[in-house]
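Written below as structure tokens is the structure these notes are about.
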Amino acid sequence: MSKTEDLLRAREESVPRGPFHVTPFFAAEAKGAVIKDVEGREFIDFAGGIGVMNVGHCAEGVVEAIKDQAERFTHTCFHVVMYEPYVELARKMNQITPGRFSKKTMFVNSGAEAVENAVKVARYATGRSALIAFEDAFHGRTLLAMTLTSKVKPYKYGFGPYAPEIYRIPYGYCYRCAFGLEYPSCEIHCADYLKEVFYTHISAENVAAVMTEPVLGEGGFVVPPEGWHRKIKQICEANGILYIDDEVQAGFGRTGKMFAIEHFGVEPDIILTAKSLAGGLPLAGVTGKAEIMDAPHVGGLGGTYGGNPLACRAALAVIETFERENLLDRAEAIGRKVMDRFRKMQEEHEIIGDVRGVGAMVAMELVKDRATKEPAKDETGLLVKKCYEKGLITISAGTYGNVMRILMPLVITDSQLEKGLAILDESLGEIQSH
Ligand SMILES: Cc1ncc(COP(=O)(O)O)c(C=O)c1O
């Protein structure tokens, strides 16, 4: 029995089926954009552990910072004995996030926890309880974050009842417009629809915040039309509603800017970061206008591990790596190449209904028929399988599970990128003829 078969059996015996796995092999080591498994096989990584490894696996500066910190201390709990890396990182986050106003940042352990804390802060600061989220959104798996999430299976099914006071409207998803309209003649009706909700669902003066992703992540890398975010923000401002920008997946350089919302000319009241923030260590940030972040009373926010020193040091090293290695430019270059290749693939493969993205956040949506746009979910699953059989790790996305998204480390070499794209192209050919 191979080591992999051995481990697979142990996994089945010891770990519940709920925590899923996309590929059937086990990592032994990883560097840059390549993961080696326990059998010594090498895989090009187009998933980055779901968008966590923008600076690459085992980035030198990050590993050094973690090692150095591990030898000093690994935990004191910021609420018991404070430490410099937390404060230093907060200061850095306040500087690099968009918004020409005074900001403050607190740290937690995961994207979902950032979402939860942003909601607590927004409710406290406004004295209002309702939240508006979007169709096709993903905000995490804890009770409140799961409620804010849109996709039912697998994220919500069987886990109700959900948290109260959450309302939902369609996102600016032009390929599948909920109103059957077309941009630009629609004049971004989907954003104006928010005003309708104040009559049909919840009074504006009861709404604490609108929670939105700058570009949908799990929802299938949907890029809203130019002007969508600005309209939503204007409606929020006119009604005293906070605008929370969930950058957990789209942020930290993925789109060619440090924060995806910078593409859309909006300054959020609160910005959420996680995933690539700390290069693989569990860390998430809630950054917001100082007076909003300071609203909750002393002791009202926090957690034992939030802003762990190893993770804060790793995050500081990630930010340095971005600057030193010009990773924002690299994200743009990767994005151009991938977009170009995806468009060519679309000409050849009938199954590709839509190609979209910003910077290196690029995806293709697979459909059974370009006219009906019937989602090609099974084919997408098969594509992921064909890819890893040929040495490429990919992950799908989309409410209908029919989107192939690309989240490779931004340090991927040109030849690794070429090889990965060639595997994807070849695999698309195979699922078409399937
Ligand atoms: C936009 C967005 N928000 C929140 C989350 C939840 O993050 P975590 O899995 O770290 O809890 C995710 C995870 O994919 C995400 O993409």
Side-chain angles (χ1 to χ4, degrees), residues 93-94 97-99 101 103-108 110-150 163 165-169 171-172 191 194 197 202 204 206-219 224 228-252 258-275 277 284-296 300-301:
M93 292 298 289
N94 299 337
T97 46
F101 37 73
K103 284 175 240 154
K104 290 196 174 179
T105 296
M106 65 170 282
F107 296 107
V108 287
S110 67
E113 239 190 297
V115 166
E116 298 268 345
N117 278 279
V119 170
K120 283 171 72 174
V121 170
R123 283 181 169 166
Y124 205 110
T126 59
R128 303 169 172 192
S129 56
L131 299 159
I132 294 178
F134 292 89
E135 286 174 11
D136 304 299
F138 183 86
H139 296 290
R141 292 171 180 269
T142 54
L143 176 60
L144 180 54
M146 167 185 76
T147 309
L148 285 160
T149 291
S150 165
E165 287 300 296
I166 289 171
Y167 303 87
R168 196 177 300 285
I169 63 168
Y171 194 78
L194 177 53
V197 172
I202 179 80
N206 291 137
V207 179
V210 165
M211 168 93 61
T212 175
E213 293 164 85
V215 175
L216 292 183
E218 301 298 308
W228 186 86
H229 279 290
R230 274 199 303 279
K231 259 197 181 187
I232 297 279
K233 180 70 161 59
Q234 279 159 8
I235 298 169
C236 286
E237 275 172 15
N239 291 283
I241 296 169
L242 300 182
Y243 177 98
I244 303 175
D245 170 33
D246 180 347
E247 294 262 352
V248 168
Q249 189 155 160
F252 259 78
M258 209 58 186
F259 301 94
I261 199 68
E262 294 174 63
H263 291 281
F264 302 100
V266 163
E267 292 183 346
D269 298 298
I270 299 177
I271 297 182
L272 311 181
T273 46
K275 292 196 184 278
L277 161 66
V286 183
T287 303
K289 281 188 175 148
E291 68 273 19
I292 294 171
M293 293 301 293
D294 263 334
L301 303 173

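A search for side-chain contact (heavy atoms from CB on, under 4.5 Å) contacts involving A209 returns A122, L131, L242, I244, not counting sequence neighbours. A274 meets the side-chain contact (heavy atoms from CB on, under 4.5 Å) test with V248, A284; sequence neighbours excluded. Annotation: side-chain contact (heavy atoms from CB on, under 4.5 Å) contacts of E165 (sequence neighbours excluded): R123, S129, A130, Y167, I202. With sequence neighbours excluded, the residues that form a ring pair (Phe, Tyr, Trp, His ring centres under 6.0 Å) with F134 are Y171, W228. Listed by chain and number, the residues in a salt bridge (Lys or Arg N to Asp or Glu O under 4.0 Å) with E291 amount to none (sequence neighbours excluded). Qualifying salt bridge (Lys or Arg N to Asp or Glu O under 4.0 Å) partners for R141, counting only residues two or more places apart in sequence or in other chains: none. Evaluation of the salt bridge (Lys or Arg N to Asp or Glu O under 4.0 Å) rule for K233 yields E237 as partners, not counting sequence neighbours. Judged as a salt bridge (Lys or Arg N to Asp or Glu O under 4.0 Å), and not counting sequence neighbours, the contacts of K289 are D269. In this view, N239 satisfies the side chain to side chain donor-acceptor pair (under 3.5 Å) rule with no residue, not counting sequence neighbours. Scored by the side-chain contact (heavy atoms from CB on, under 4.5 Å) test, K103 finds N94, T97, F101, T287 as partners (sequence neighbours excluded). By the side chain to side chain donor-acceptor pair (under 3.5 Å) test, K120 is found to be paired with no residue, residues two or more places apart in sequence or in another chain being considered. For Y243, the side chain to side chain donor-acceptor pair (under 3.5 Å) test picks out H229, with sequence neighbours left out.
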